[in-house]
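To keep things clear, I will list the structure first and then write my remarks on it.
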Amino acid sequence: MYAKVIVDVPAKQTNRAFDYWIPEPMREWVAVGSRVGVPFGPRKLQGFVVDIRTQVDYDPAKVKPIAEVMDVYPPLTPDLVELARWISQTYLCHEITALQAMIPGALKAKYERHVKVAEHAADGRSAGTNVGGSGGQHLLLLPEQLDILRYVREKGTVEIGALLQKFAANGGLVKQLMLEGLLLEVQMIKDRMAAKKVLTVIPPDQPAQLLQRAEELPARSAKQKEVLRYLAEHPFPIKLSELLHELGTSAGTVKSLAEKGWLAIEEVEVFRDPYAQRSFRRTEPLALMPEQRHVFGRISEAVQDERHQVFLLHGVTGSGKTEVYLQSIQTCLDLGREAIVLVPEISLTPQMVERFKGRFGDQVAVLHSRLSHGERYDEWRKIMLKQVRVVIGARSAIFAPFTRIGLIIIDEEHESSYKQEESPKYHARDVAVARAVQHRAVVVLGSATPSLESMYGTMRQPSLTGTPSGAAGGNRLNDAAAAVSAAGLHPSVQADAPSNEAPLQPQGAAIELLTMHNRVEGRPLPRVHIIDMREELREGNRSMFSRSLYKAIEERLHKKEQTVLLLNRRGYSTFVMCRTCGYVAQCPHCDISLTFHQSSRAIRCHYCGYAEREVTVCPSCSSEHIRHFGTGTQRVEEELGKLFPGIRVIRMDVDTTTEKGSHEKWLTMFRNRQADVLLGTQMVAKGLDFPHVTLVGALAADTVLNLPDFRAAERTFQLLTQVAGRAGRHELPGEVFVQTYAPEHYSIVSASRHDYKSFINKEMTLRKLHEYPPFHRLILITLSHEQIPLLMRTAESLAARLKELAKSLAPLPVEILGPVASPIARIKDRYRFQCMIKYRGEASISGLVRQAAAAFEDMEKQHKLTISIDVDPQVLM
DNA sequence: AGCACGCCGACT
DNA sequence: GTCGGCGTGCTC
């Protein structure tokens with residue numbers, strides 16, 4: 001038998017499967033999805049098995065055997081292997097990159113070079129005797145060299161780095177021994193993190209015997225008797241450390257019993273459970289409101305039919321989407337199938353976790369970035385070992401190694417954080433649809449402000465001719481591309497399918513729209529006031545608080561109610577400027593202004609981390625009129641303190657939430673009403689639910705609007721709607737103040753009226769007019785290099801090449817825009833140029849782009865030029 | 001990505 | 001004459 005293996009080298013030339021022979025004894029351990037160690041040229045590398053065959057396509061005489069199998073159970077399921085291929089084709093990345101993204105970081109290969117003592121050096125066992133060299137020639141070994149050999153022999157194998165460190169004074173000798181063949185190099189592939197194991201005492205099958213045995217022991221073995229009696233009474237495996245603590249004895253006591261064979265001590269895998277300390281109050285399903293009942297009905301029907309379908313659940317904030325998710329998941333579990341819930345990283349709060357753990361108990365695994373490497377790995381292991389059936393997590397949880405997925409929920413589906421910014425630059429929403437096709441699972445996209453892409457999907461008519469995806473035998477991924485497009489997320493996505501079978505018309509059912517207009521228990525949406533800050537300024541108010549917001553905060557302080565203040569920092573640089581000459585502190589390595597950080601009193605670059613001391617004298621004109629521009633949360637906090645002496649403010653931003661668990665700490669404090677105001681960036685807008693919040697203020701609602709991004713209006717509308725939804729979720733009614741310099745902008749007006757429909761109509765019209773997504777699709781190609789001339793030349797010829805190739809697709813509209821300098825024209829001393837491809841979805845374009853980029857392969861290698869391709873970019877910077 | 005092979009300049 | 005520069009190509 002042979003295996004096709006994708007090796008751990010992310011390069012164009014190695015972006016294909018290599019054939020290896022599977023030695024007979026390994027046969028039962030090697031499967032599609034296995035991690036294996038394979039010889040590759042002179043090295044040993046990790047790889048993933050993507051196929052198993054009886055024949056090879058390569059000269060059988062040259063096929064090498066697999067060197068080792070890394071895991072007892074393959075860490076990837078066959079469907080994930082297939083999905084990785086789809087991702088690599090759709091998002092134009094190396095297949096290995098997609099595969100690696102699917103396993104936890106703990107399983108990333110760590111390559112170690114070890115040495116062992118060569119067998120023919122074995123005669124040199126005793127010190128002082130010199131060993132024979134390979135040619136029968138007698139080499140004189142120095143005593144130091146014998147020391148090294150003896151040390152390595154004792155240890156078995158030693159990592160080269162460690163050996164060199166140990167014998168630092170004689171580093172040359174180690175090398176010499178290796179050259180002479182007395183030390184052999186062994187390459188090892190290690191996991192970054194192993195499962196955590198704990199010594200555990202296992203009682204025998206018949207614990208009753210233990211009492212008997214205790215009698216037989218001599219009187220002086222009191223401690224041993226005690227251990228036996230304890231185990232007879234509690235005949236369950238127990239941690240050795242716990243047992244010792246319980247009985248106040250030492251390990252020797254238990255060990256001697258183990259040596260007699262009366263009990264066993266084993267290493268048992270334990271799971272680091274980040275939620276172990278907490279108990280979750282069990283919750284029962286809540287009664288559903290009529291709208292919720294209808295939505296739940298549609299979803300659970302589809303789940304029960306085991307048919308692939310995508311729903312878009314548009315529910316206003318506070319309409320009870322989570323309860324619908326919970327009950328739908330229950331339906332799915334009752335059918336013996338598994339569920340994945342994706343949540344934006346930022347809203348994966350303990351509160352959210354609690355709701356799922358409360359309903360499904362230890363059936364739930366949680367995956368998010370704040371877990372340590374080990375914790376994350378353990379949660380993942382629980383999924384793989386089928387100890388849980390529900391996963392809640394951020395973007396990458398879409399790769400949970402389940403085998404019978406029935407339901408995938410994507411909460412806040414409009415969030416741009418579902419798009420990964422590093423390779424593989426996948427969108428979890430699209431991957432979810434592809435994965436759901438494989439499993440014939442249902443996808444629920446939930447949001448109070450659905451993305452235009454998803455909304456567009458609901459507007460498409462189901463095709464008359466197409467068979468519904470997931471129908472008989474259709475459970476394959478080549479349908480997935482069609483399904484993603486049929487789902488309408490994009491006009492059409494095509495995995496690099498041979499063009500003869502590429503369906504040009506999307507087929508299958510479109511997204512079904514489900515709507516919930518009402519908040520639970522008929523609570524009204526909060527009243528939203530738009531405050532024109534231009535007018536405030538005209539009337540002499542130069543503070544960042546309008547008079548009405550000031551009054552509203554004052555009122556809340558009196559009534560002992562709470563306030564949430566949002567300061568949207570995006571697009572709001574807190575740059576440092578000299579008021580005399582206009583000098584602005586810039587990063588010397590990037591084309592971006594440095595931002596001021598109060599906590600460290602430093603100015604630093606967000607892109608490369610460059611930092612310098614705060615400047616008090618202008619380096620350009622020596623003036624002392626240096627001002628920190630932009631309204632950072634720190635300044636708002638200061639001003640609050642001045643305006644309302646004694647006010648208790650919790651500030652949440654990058655500066656205060658980097659520490660592990662700090663996020664949670666602040667929110668708990670606020671919940672316990674230990675503060676009057678929660679002030680923060682985007683992170684205060686998402687998913688939080690505090691009963692005593694009756695006032696929400698957006699201090700500068702329109703900062704995003706000024707960014708050169710076609711999604712600016714959409715982002716603004718979403719953010720304002722989300723943050724407004726934080727007010728008045730419980731008994732107390734809420735009120736919202738939106739401060740802006742663009743009070744007539746449709747995104748702000750619609751958000752203030754809670755009018756999603758008028759917003760979407762306006763925005764759709766504009767997008768269509770300007771040929772932007774979702775009507776057209778984009779691919780952003782960014783080139784970077786240290787020197788502008790070479791960079792420009794390459795970018796020009798890449799664009800020319802693309803235009804050339806695009807002609808072959810005529811008459812399908814494919815436009816090549818650029819090259820132009822990127823919005824941030826230099827990062828880390830590298831200049832950046834970009835080209836944008838704008839096309840209608842019917843065009844199968846990924847192959848074309850790859851072809852064009854491939855022509856510049858040698859440029860990349862020779863001149864250290866980098867080309868990065870972003871399919872469906874979310875952020876155009 | 002590594003690593004070897006291979007073809008042209010400054011040294012013993 | 002050789003050591004070594006890094007361009008080119010391969011890894012089952």
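Proteins come first, then strands; the chains are lettered A, B, ... in the order of their sequence lines, and each starts at number 1. Note that the structure is a prediction, hence the values are computed from the model and not measured.
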For the pair made of [atom1] in [X] and [atom2] in [N], what is the distance, rounded to whole Å?
X	N	atom1	atom2	value
Lys62(A)	dT11(C)	NZ	P	7 Å
Ile52(A)	dC12(C)	CD1	C1'	16 Å
Glu95(A)	dA1(B)	CD	P	18 Å
Asp8(A)	dA1(B)	CG	C1'	9 Å
Gln187(A)	dA1(B)	CD	C1'	13 Å
Tyr2(A)	dC12(C)	OH	C1'	11 Å
Asn15(A)	dA1(B)	CG	P	12 Å
Trp21(A)	dT11(C)	CH2	C1'	20 Å

Taking [atom1] in [X] as the centre, count heavy atoms belonging to other residues, nucleotides or ligands within less than 6.0 Å. Is the count above 12?
X	atom1	answer
Lys116(A)	NZ	no
Lys828(A)	NZ	no
Tyr111(A)	OH	yes

Q. Can you tell me if the side-chain N/O atoms of Lys64(A) get under 4.0 Å from OP1 or OP2 in dC12(C)?
A.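 For dC12(C), OP1 or OP2 has a side-chain N or O of Lys64(A) closer than 4.0 Å.
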Q.
OP1 or OP2 of dA1(B) versus the side-chain N and O atoms of Tyr111(A): is any pair under 4.0 Å?
A.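 Looking at the OP1 and OP2 atoms of dA1(B), neither is under 4.0 Å from any side-chain N or O of Tyr111(A).
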Q: Could you please name the option among dC3(B), dA1(B), dC12(C) that lies closest to any side-chain atom of Gln13(A)?
A: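 Closest nucleotide to the Gln13(A) side chain: dA1(B).
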(Q) Using the ring centroid of each side chain, check whether Phe40(A) and Phe18(A) are separated by less than 6.0 Å. (A)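 Distance test on ring centres: under 6.0 Å, yes.
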Q) When all nucleic acid strands are considered with a 4.0 Å heavy-atom cut-off, which category describes Val63(A): base, sugar-phosphate, or nothing? A)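 It contacts sugar-phosphate atoms only.
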Q. Reckon Phe40(A) touches a base, only the sugar-phosphate, or nothing at all at heavy-atom distances under 4.0 Å?
A.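 The residue Phe40(A) makes base contact.
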Q: Kindly state whether the pair Phe18(A) / dC12(C) counts as stacked, where counting means centroids closer than 5.5 Å and planes tilted less than 30° apart.
A: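 Per 5.5 Å and 30° rule: no stacking.
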Q) Does a side-chain N-to-carboxylate-O contact under 4.0 Å join Arg801(A) and Glu804(A)? A)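 Salt bridge: no.
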